[in-house]
Amino acid sequence: MATRMDLDGRPIKPMTICMIGAGGFIGSHLCEKLMAETPHKVLALDVYSDKIKHLLEPDSLPWAGRIVFHRLNIKHDSRLEGLIKMADLTINLAAICTPADYNTRPLDTIYSNFIDALPVVKYCSENNKRLIHFSTCEVYGKTIGSFLPKDSPLRKDPAYYVLKEDTSPCIFGSIEKQRWSYACAKQLIERLIYAEGAENGLDFTIVRPFNWIGPRMDFIPGIDGPSESVPRVLACFSNNLLRREPLKLVDGGESQRTFVYIKDAIEAVLLMIENPDRANGHIFNVGNPNNEVTVRQLAEMMTKVYAKVSGEPSLESPTIDVSSKEFYGEGYDDSDKRIPDMTIINRQLGWNPKTTLWDLLESTLTYQHRTYAEAIKKSMVKPIAS
């Protein structure tokens, strides 16, 4: 493998990476990238390894020995500090990040995203190890624009809704709106990491993902996740499409979101890994402001893409409206828009996303359609009667 160079033309030394949450959606794609394109070693930590088992066996794989799986839960495992000490860099991807859990399991959400992350930060700081911590675009909460009158022309001014890492305030709902338990826990761990950097010299980078989409994301209930659970919006819609059910639009589907392809986003993470001088001390939005749609528009586009991918005609009534209370339960609240400002990541790392919304949906739905068909063959799920 040819010597890799960083953005400043310096050779990149092979490193050992302790990746917490390596078995998840983002972790599996990052492990693939690291194995295929770099000489780096990965200590892959997670409770499950299903999404990376193709990287772990057989021993004849070209990267055999460069990725080692350690089955552990960071909540209560004495091996954690030792594994962080063995590595040059720790990447923490572990989280509860499913909106349906935020107001139904607020304690688990707060513990998972704040309390359980504390030892990771502590061990990195005490052992002078670099940390890349995955946060969320949810830390921004509601936009300033959402508090303006509905007919205010300022609502169209980007200054009131584009989210900037270094200047945008973090605005959450009231305490009884437990949906903000996740965002608040994530913001507090960000503040703690930032403080460790300021007071104790911790080298850190914080990543704020804006809806990363692609194969292996989330789960399809009853196939690769619990039947009674509710995944995030895109996986919810995928589940409805696969089962030929109408897509449920919460509160009319008026919220606006941006979506970025997982492979584009992983390029950004690799730049952070291999350019510490440019990434340390920074918080990065990683999203695609060009792929902005309302949730209703997303449902309409996914219906068209799935018809192309599956060869099945769309339902006569492809969507139905439901209230947030009915769908998520009491205590739900939402942010109106999430549009990332890309100035800092572009300046520091020269990164820009490339994949259009249609193309990323086609890639994701093709994968999910195939996975669903294979599950039916194995009798994991019952096919829907037409």
Side-chain angles (χ1 to χ4, degrees), residues 24-26 28-29 32 50-54 97-100 210-250 252-266 288 290-322 327 353-386:
F25 163 54
I26 296 172
S28 68
H29 284 275
E32 278 182 348
D50 299 3
K51 292 182 181 180
I52 54 169
K53 64 183 177 186
H54 63 293
C97 52
T98 309
F210 281 71
N211 298 302
W212 295 11
I213 303 301
R216 301 195 292 272
M217 67 168 291
D218 273 13
F219 58 89
I220 303 299
I223 297 180
D224 54 355
S227 300
E228 68 283 357
S229 291
V230 180
R232 284 172 288 189
V233 62
L234 199 133
C236 271
F237 286 172
S238 299
N239 184 45
N240 296 142
L241 290 165
L242 291 165
R243 298 176 187 276
R244 296 196 60 72
E245 300 165 350
L247 279 59
K248 293 177 178 174
L249 297 178
V250 176
E254 297 309 310
S255 294
Q256 289 170 279
R257 295 289 181 268
T258 58
F259 298 90
V260 66
Y261 191 42
I262 182 66
K263 293 190 186 305
D264 289 350
I266 291 300
N288 189 339
N290 299 317
N291 286 345
E292 183 199 355
V293 284
T294 66
V295 173
R296 181 177 289 278
Q297 288 168 330
L298 175 70
E300 290 164 356
M301 187 181 283
M302 286 183 71
T303 301
K304 289 176 187 170
V305 173
Y306 188 71
K308 179 189 173 187
V309 164
S310 67
E312 299 169 7
S314 304
L315 296 177
E316 278 187 34
S317 302
T319 61
I320 53 171
D321 285 4
V322 296
F327 194 79
K354 305 178 189 75
T355 311
T356 66
L357 185 56
W358 179 279
D359 287 346
L360 73 84
L361 290 176
E362 191 168 351
S363 168
T364 306
L365 287 170
T366 299
Y367 171 83
Q368 290 175 331
H369 180 65
R370 187 177 70 242
T371 304
Y372 187 71
E374 288 168 358
I376 289 172
K377 274 186 187 172
K378 293 176 184 172
S379 303
M380 288 170 63
V381 291
K382 292 178 183 175
I384 305 302
S386 54

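- You'll find the side chain of Met302 reaches within 4.5 Å of the side chain of Leu234, heavy atoms only.
- A side-chain hydrogen bond (donor to acceptor under 3.5 Å, both in side chains) with Ser238 is found for one member of Arg243, Gln368, His369 and no other, namely Gln368.
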>> Between Arg257 and Val293, does the side chain to side chain contact (heavy atoms under 4.5 Å, CB included) criterion hold? Intermediate values first, please.
In response: CA-CA 6 Å; Arg257 295 289 181 268; Val293 284; 5.7 Å; no

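- Taking OG of Ser317 as the start and CG of Leu247 as the end, the distance is 12.0 Å to the nearest 0.5 Å.
- Within the 4.5 Å cutoff, side-chain heavy atoms of Trp358 are placed close to those of Lys304.
- Of all the heavy atoms in Gly214 and Ile262, the pair that sits closest is CA-CG2, 3.8 Å.
- Here the side chains of Asn211 and Met217 are not in contact, with every heavy-atom distance at 4.5 Å or above.
- The two atoms that bring His54 and Lys51 nearest to each other are CE1-O, 3.0 Å, heavy atoms only.
- Shown here for Val309 and Leu365, the closest heavy-atom pair between the two residues is CG1-O, 3.9 Å.
- Of all heavy-atom pairs spanning Phe259 and Leu360, the tightest one is O-CD2, 3.9 Å.
- Shown here are the side-chain contact (heavy atoms from CB on, under 4.5 Å) partners of Asn288, two or more places apart in sequence or in another chain: Val260, Asn290, Asn291, Pro353.
- Distance check, rounded to the nearest 0.5 Å: OG1 of Thr319 to CG of Leu249 gives 4.5 Å.
- Applying the side-chain hydrogen bond (donor to acceptor under 3.5 Å, both in side chains) test to Thr364 and every residue at least two apart in sequence or in another chain returns nothing.
- Pro246 meets the side-chain contact (heavy atoms from CB on, under 4.5 Å) test with Leu315, Ile320; sequence neighbours excluded.
- Side-chain contact check for Val250 versus Val295: every heavy-atom pair is 4.5 Å or farther apart.
- Listed by first and then second residue, the salt bridge (Lys or Arg N to Asp or Glu O under 4.0 Å) pairs involving residues 356-367 are Lys308-Glu362 (not counting sequence neighbours).
- Between Ile213 atom CD1 and Leu357 atom CG the span is 9.0 Å, to the nearest 0.5 Å.
- Under the side-chain contact (heavy atoms from CB on, under 4.5 Å) criterion, Thr258 pairs with Phe210, Glu292, Ile339, Pro340, not counting sequence neighbours.
- For the ring pair (Phe, Tyr, Trp, His ring centres under 6.0 Å) test, no residue two or more places apart in sequence or in another chain qualifies with Tyr261.
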> Does the pair Asp50 and Arg216 meet the rule for a salt bridge (charged side-chain N to carboxylate O under 4.0 Å, His left out), with working shown?
Replying inline: CA-CA 10 Å; Asp50 299 3; Arg216 301 195 292 272; over 6 Å; no

>> Could you go through Ile26 and Ile266, starting from their C-alpha distance and side-chain angles, then the distance that decides it, and tell me whether this counts as side chain to side chain contact (heavy atoms under 4.5 Å, CB included)?
In response: CA-CA 8 Å; Ile26 296 172; Ile266 291 300; 4.1 Å; yes

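- Nearest heavy atoms, Phe25 versus Pro215: CE1-O, 3.3 Å.
- Put simply, the side chain of Arg370 reaches to within 4.5 Å of the side chain of Glu374, judged on heavy atoms.
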> Given Val305 and Thr366, is the side chain to side chain contact (heavy atoms under 4.5 Å, CB included) satisfied, shown in steps?
Replying inline: CA-CA 9 Å; Val305 173; Thr366 299; over 6 Å; no

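- Residues Asn240 and Tyr306 fail the side-chain proximity criterion, which asks for heavy atoms closer than 4.5 Å.
- If you check the side chains of Gln256 and Thr294, you find no donor sitting under 3.5 Å from an acceptor.
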